[in-house]
There are 2 protein chains.
Amino acid sequence: MTDTVKLSKGEKTAQRILDAAEPLFARHGFEGTSLRQITRSAGITEPGLYNHFSSKQELYAAVLERALKPMSTAMDEHLAQTPGLRVYTELPGLMTDILLQHPPIAALFQQALQGERESVGNQLMQQWLDRLVVQGGHSIEAMVGSTIEDRANLAIHVIAMFNLTTGYFLSQNLFAALAEGDILAAENIERQKRFLSKLFRAMLIVYE
Amino acid sequence: MTDTVKLSKGEKTAQRILDAAEPLFARHGFEGTSLRQITRSAGITEPGLYNHFSSKQELYAAVLERALKPMSTAMDEHLAQTPGLRVYTELPGLMTDILLQHPPIAALFQQALQGERESVGNQLMQQWLDRLVVQGGHSIEAMVGSTIEDRANLAIHVIAMFNLTTGYFLSQNLFAALAEGDILAAENIERQKRFLSKLFRAMLIVYE
DNA sequence: TAATTAAATTATCGACTGTTAATATAATTA
DNA sequence: TAATTATATTAACAGTCGATAATTTAATTA
């Protein structure tokens with residue numbers, strides 16, 4: 001459909017390894033996931049993995065980068081095309097749509113942020129969210145003056161947006177218990193998007 | 001100060017084990033934390049742990065229950081004393097204050113929710129948050145009619161509140177990178193509490 | 001103080017961890 | 001097809017995992 005590029009055998013198994021590793025790292029974290037689990041799920045033997053990734057760390061970084069890519073490009077386009085404050089009111093819905101296509105990566109992102117400050121995961125996530133702060137700072141200052149007076153308040157807003165959007169996908173079990181439904185069902189995704197939209201418009205009205 | 005109850009030697013080391021285990025489970029999760037790490041940090045040998053907890057699972061449950069207790073009692077009092085919608089506008093600030101006293105437990109709660117649906121962690125968290133849904137449902141319906149029409153929408157609200165409140169404490173590294181400050185500093189906690197208060201009032205205005 | 005119980009230790013278990021070496025098989029290029 | 005490279009395998013490594021048994025030391029109770 002989208003990409004019918006001819007893949008060599010090695011590239012195909014590398015993809016299979018990434019596909020197998022992604023949900024495992026997302027659910028059990030870096031330390032909680034073993035190469036045995038990954039290679040078993042990918043249908044290869046353990047040392048075979050080292051033909052494609054030179055260590056567990058490097059595999060983890062590759063998983064994370066692949067997962068961040070669609071978020072990153074979608075956000076770039078959105079930031080370039082959308083004027084002013086709509087960046088903030090529409091971005092959560094956009095992120096929700098992307099996360100919906102690969103629900104486990106929400107957990108992957110949160111796991112990545114829990115490690116050491118210098119860890120690969122942390123750094124990748126930080127440089128990604130940093131653009132939101134920079135761009136968002138400009139937009140808001142241009143629109144409503146310096147109401148969001150400093151970087152600290154802006155960071156609090158961006159962090160809240162991130163946690164609200166990804167946190168929804170982390171609450172699958174919780175939602176099933178509280179509402180007896182599937183959080184990924186279309187109707188519930190719509191509910192969440194309406195909720196986010198309302199919430200973020202309300203959030204900005206405070207600063208008008 | 002608060003409790004000068006005479007503790008037996010065994011009870012004291014049990015406490016020390018819990019104190020050592022809490023931040024480790026919070027940061028590395030259940031599977032990512034080893035009994036070796038815990039006992040080393042608690043200053044005892046590994047088999048000595050089994051004099052106080054019969055397995056890793058049981059220790060984990062004990063850590064989680066102890067961490068949930070102050071949240072649970074504070075929430076009970078709050079629900080009993082606070083009328084109507086103020087339950088929702090003031091609860092996040094209250095939770096923030098409690099989490100501030102033991103910052104690692106925010107991560108502990110999120111980790112607990114990631115496991116299997118039947119896991120101890122998940123069940124403990126669910127029965128705790130379930131009360132919010134039940135009580136909150138009554139309050140809101142009594143105040144503003146059936147505007148929050150069904151359980152699904154209510155669950156979305158409760159989940160958002162939970163993720164916003166705990167997510168702040170999970171974003172320590174992120175905040176340091178984005179705003180070059182300490183997320184636990186009094187001034188930033190105040191910022192977050194003001195933000196949460198505004199946000200939740202705005203959230204409810206939508207339903208008036 | 002003596003008896004009893006609680007709490008700690010050392011030694012050890014089989015299973016699992018990430019990783020490497022040596023080697024065989026399959027795919028690609030000459 | 002032959003040569004070469006890419007990709008897979010089996011075997012083995014030192015270190016760690018959670019847990020148990022047997023035993024010694026310390027604390028509590030009689």
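Below, chain A is the first sequence line, B the second, and so on; all start at residue 1.
- If you take NZ of Lys12(A) and P of dA8(D), they are 11 Å apart, rounded to a whole angstrom.
- Proximity of residues 49-59 of chain A to DNA chain C (heavy atom under 4.0 angstrom from any strand atom) is restricted to Tyr50(A), Ser55(A), Lys56(A).
- For Thr13(A), no side-chain nitrogen or oxygen approaches OP1 or OP2 of dT7(D) to under 4.0 Å.
- Contacts of Thr82(A) classified as side chain to side chain contact (heavy atoms under 4.5 Å, CB included), with partners at least two apart in sequence or in another chain: His78(A), Arg86(A), Val87(A), Glu90(A).
- For Ile44(B), counting side-chain heavy atoms from C-beta on, the closest listed nucleotide (dT19(C), dT9(D), dT9(C)) is dT9(C).
- Nucleic acid contact for Thr33(A): sugar-phosphate only, since backbone atoms but no base atoms lie under 4.0 Å from a heavy atom of the residue.
- Shown here are the salt bridge (Lys or Arg N to Asp or Glu O under 4.0 Å) partners of Glu46(A), two or more places apart in sequence or in another chain: Arg36(A).
- Distance, Arg40(A) CZ to dG18(C) C1': 15 Å, rounded to whole Å.
- For Tyr60(B), the ring-ring contact (aromatic ring centres under 6.0 Å, His included) partners two or more places apart in sequence, or in a different chain, are Phe25(B), Phe30(B).
- Glu22(A) meets the salt bridge (Lys or Arg N to Asp or Glu O under 4.0 Å) test with Arg66(A); sequence neighbours excluded.
- Side chain to side chain, Gln37(A) and Thr33(A) fail the donor-acceptor criterion of an N or O pair below 3.5 Å.
- In this structure, Arg16(A) places its CZ atom 12 Å from P of dT7(D), rounding to the nearest Å.
- No salt bridge links Asp19(B) with Lys12(B); every basic N to acidic carboxylate O contact stays at or beyond 4.0 Å.
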Given Watson-Crick and G-U pairs under 3.5 Å, DNA chain C in dot-bracket ([ ] crossing, | other strand) is ||.||||||||||||||||||||||||.||

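- A salt bridge (Lys or Arg N to Asp or Glu O under 4.0 Å) check over residues 94-104 of chain A, counting only residues at least two apart or in different chains, returns the pairs Asp97(A)-Lys193(A).
- Atom-to-atom, CG of Leu35(B) to P of dA8(C) comes out at 16 Å; the value is rounded to the nearest Å.
- Going from atom CD1 of Ile17(B) over to atom P of dA7(C) covers 11 Å, rounded to whole Å.
- Shown here are the salt bridge (Lys or Arg N to Asp or Glu O under 4.0 Å) partners of Glu65(A), two or more places apart in sequence or in another chain: there are none.
- Following rounding to the nearest Å, Gln37(B) (CD) and dG15(D) (P) show an atom-to-atom distance of 18 Å.
- When the salt bridge (Lys or Arg N to Asp or Glu O under 4.0 Å) test is applied to Asp182(B), no partner is found at least two apart in sequence or on another chain.
- Rounded to whole Å, atom C1' of dT5(C) lies 15 Å from atom CD of Glu11(B).
- Of the candidates dT19(C), dA8(C), dT9(C), the closest approach to any side-chain atom of Thr45(B) belongs to dT9(C).
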What does the list of N/O pairs under 3.5 Å between the protein and nucleotides 11-16 of chain C look like, with a distance for each?
none

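- Residue pairs satisfying the salt bridge (Lys or Arg N to Asp or Glu O under 4.0 Å) criterion with at least one member in residues 98-117 of chain A, sequence neighbours excluded, are listed as follows: Glu116(A)-Arg27(B).
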Cut-off 3.5 Å, no hydrogens considered: what does the side-chain donor-acceptor table look like for residues 163-170 of chain A, sequence neighbours left out?
| unit_1 | atom_1 | unit_2 | atom_2 | d |
| --- | --- | --- | --- | --- |
| Asn163(A) | OD1 | Gln110(A) | NE2 | 3.3 |
| Asn163(A) | ND2 | Ile159(A) | O | 3.3 |
| Asn163(A) | ND2 | Gly167(B) | O | 3.2 |
| Asn163(A) | ND2 | Ser171(B) | OG | 3.3 |
| Thr165(A) | OG1 | Met161(A) | O | 2.7 |
| Thr166(A) | OG1 | Gln110(A) | NE2 | 3.3 |
| Thr166(A) | OG1 | Phe162(A) | O | 2.9 |
| Tyr168(A) | OH | Ile183(A) | O | 2.8 |
| Tyr168(A) | OH | Asn188(A) | O | 3.3 |

